[in-house]
Amino acid sequence: MRHFSPPIRRRALLGGAGALAGLAVAPGLAQAAALPGLHVAAAAKGRFYGAALHPDTLAHDPQAMAHVPIECGMLGSQLAFKWAPLQPEPNRFDWKQADQLLAYARTQHMPVRGHTLVWYQANPDWLVKGLTKANAARILTQHIQTVVGHFRGQLVQWDVVNEALWPADGQPYGLRDSLWLRTLGPGYIDLAFHLCAAADPSALRCLNDYGFDAGREAPRKRDAMLTLLSSLLSRGVPVQAVGMQGHLDPGAGPIDQKALAAFCAAIAAMGLKIVITEMDVRDNSLPAAIIPRDAGVAAYGRAYLDVVLESQATLGVLTWGLSDRLTWLDWQIPRADHLPQRPLPLDTEMRRKPLWYAMREAFLAAKMHI
Ligand code: XIL
């Protein structure tokens, strides 16, 4: 199946050397010539590595984009497949951003994953204001059929439903009190997965969420996810994988390695796969000085990857961006001292950071995935 075989591209195997010919070499590119990219390390163990790009990087930052084919074996988009850009007005679909990513990915022979069909955020105003119990099933059906149908055969995975869980809301199964739950009840998840399966049977269907790795809420979140998955499977809902976002926060305390391993094992025992879909390590609880900050980010990322890559169910890892040049954390979860965060494998000069080396080592240390 498409999503199980990470492509190894020849140019990247050569350490990106082909991409460098004739360039006055920037520091990041010189490093990239010395060791092959992260996706090569991942592929050595049968996994993929890639990044979800911000559309601005793709459109306006050729220097950053030069590193994408070196490091990545899969791409996602931080915005392009969300509801607001895709269906800004009722029945008007706009494929521009998504098509730009797909056109680029085709030139690099890179598979692309879609994020996301159903979420409580990134919805256009018309949807938020106009959704009712009477029209919700029709609107959801039309969106998924149109969007998944449009991209049929072009995407290897879909985050069908994103962030459905928030146990503190007190709803059945720990579900989040969202516009979808209010209008359709828990069955909105069933509906979305069935529609996605019918519109593009070959894209791996993921239930994507966060908060399984550390912190006070994690035990409840893990329990809620396992309960939800078994109830979906018992009803024949065609969920195939758990997307674990992997937005990591050292401020939440150490990774619950034992509990996380048990969680992965429980998912695997249900016959489901795992994809790490949005990894980054926020550093707003770490010191300002760069050396200890980068070391803290790298160690935390490694503690996480060592656990999730131990599982045979884990197919691969995407980070939420590739370099610190552009990270959502700077506008959504800024540091108190307002220094830019350093959550990703490459720095703002596109040089490989301790997190990059930690990720490489985690991939190389992982068991072979078969
Ligand atoms: C974020 C984007 O990166 C931001 O640009 C946007 O303002 C908000 O959404 N979990 C998810 C992603 O599933 O879709 C979110 O992306 C980050 C958290």
Side-chain angles (χ1 to χ4, degrees), residues 50-61 64 68 74-88 97-98 100-101 112-125 127-128 143 147 155 157-166 175-176 178-180 189 192 196 204-215 217-218 221 224-225 228 239 241-249 251-252 274-284 301 304 316-335 340-346:
L53 301 178
H54 192 285
D56 288 352
T57 305
L58 182 64
H60 305 301
D61 194 347
V68 169
M74 188 180 288
L75 292 179
S77 176
Q78 293 182 27
L79 300 179
F81 297 100
K82 289 176 176 172
W83 195 305
L86 282 182
Q87 196 183 168
Q97 265 189 14
Q100 276 167 3
L101 178 72
V112 179
R113 68 187 312 277
H115 168 88
T116 171
L117 294 169
V118 189
W119 193 23
Y120 75 102
Q121 282 184 39
N123 293 313
D125 270 1
L127 183 71
V128 175
H143 185 79
V147 169
L155 298 178
Q157 304 176 4
W158 265 113
D159 286 334
V160 180
V161 177
N162 193 32
E163 301 183 350
L165 295 169
W166 192 248
L175 291 174
R176 184 185 294 273
S178 73
L179 75 173
W180 298 112
I189 300 177
C196 185
L204 184 77
R205 292 176 293 278
C206 306
L207 181 59
N208 196 48
D209 215 318
Y210 66 98
F212 306 118
D213 35 79
E217 287 297 314
K221 207 79 190 259
M225 179 55 105
L228 176 60
V239 56
V242 173
M244 289 171 42
Q245 292 184 1
H247 290 296
L248 306 180
D249 177 9
I274 296 169
V275 181
I276 310 303
T277 51
E278 309 182 18
M279 184 175 161
D280 55 16
V281 186
R282 73 191 57 158
D283 68 21
N284 52 342
Y304 178 74
V317 179
L318 273 85
T319 46
W320 204 238
L322 180 58
S323 87
D324 298 339
R325 274 188 186 192
L326 200 157
T327 164
W328 70 300
L329 296 169
D330 281 340
W331 62 89
Q332 248 150 292
I333 313 173
R335 287 177 63 92
Q341 297 211 42
R342 301 173 61 82
L344 289 161
L346 305 183

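For ligands, and for the atoms within them, numbers begin at 1 and follow the listed sequence.
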Contact check: Glu163 vs ligand 1, nitrogen or oxygen atoms, below 3.5 angstrom: yes

Close-contact set for ligand 1 against Gln78 heavy atoms, below 4.0 Å: 3 (O)

Pair His54-Gln78, side-chain donor/acceptor within less than 3.5 Å: no

Trp328/Gln341 under side-chain contact (heavy atoms from CB on, under 4.5 Å): CA gap, chis, key distance, verdict: CA-CA 10 Å; Trp328 70 300; Gln341 297 211 42; over 6 Å; no

Element-labelled atoms of ligand 1 that are located less than 4.0 Å from some non-hydrogen atom of Trp331: 5 (O), 7 (O)

Gln245 versus Asn162, side-chain donor and acceptor atoms under 3.5 Å: yes

Per atom 2 (C) of ligand 1, closest listed option by heavy atom (Gln121, Lys82, Glu278, His115): Lys82

Option of least heavy-atom distance to atom 8 (C) of ligand 1 (set: Gln245, Gln332, His247): Gln332

Any side-chain donor near an acceptor of the partner, Asn208 and Glu278, under 3.5 Å: yes

Atoms in ligand 1 with a heavy atom of Asn162 nearer than 4.0 Å: 11 (C), 13 (O)

Check against side-chain contact (heavy atoms from CB on, under 4.5 Å), Val68 and Thr57: CA-CA 10 Å; Val68 169; Thr57 305; 5.8 Å; no

Heteroatom proximity flag, Trp328 to ligand 1, N/O under 3.5 Å: no

Residue that, paired with His115, satisfies side chain to side chain contact (heavy atoms under 4.5 Å, CB included) out of Asp159, Leu318, Thr277: Asp159

Heavy-atom gap Trp320 to ligand 1 smaller than 4.0 Å: yes

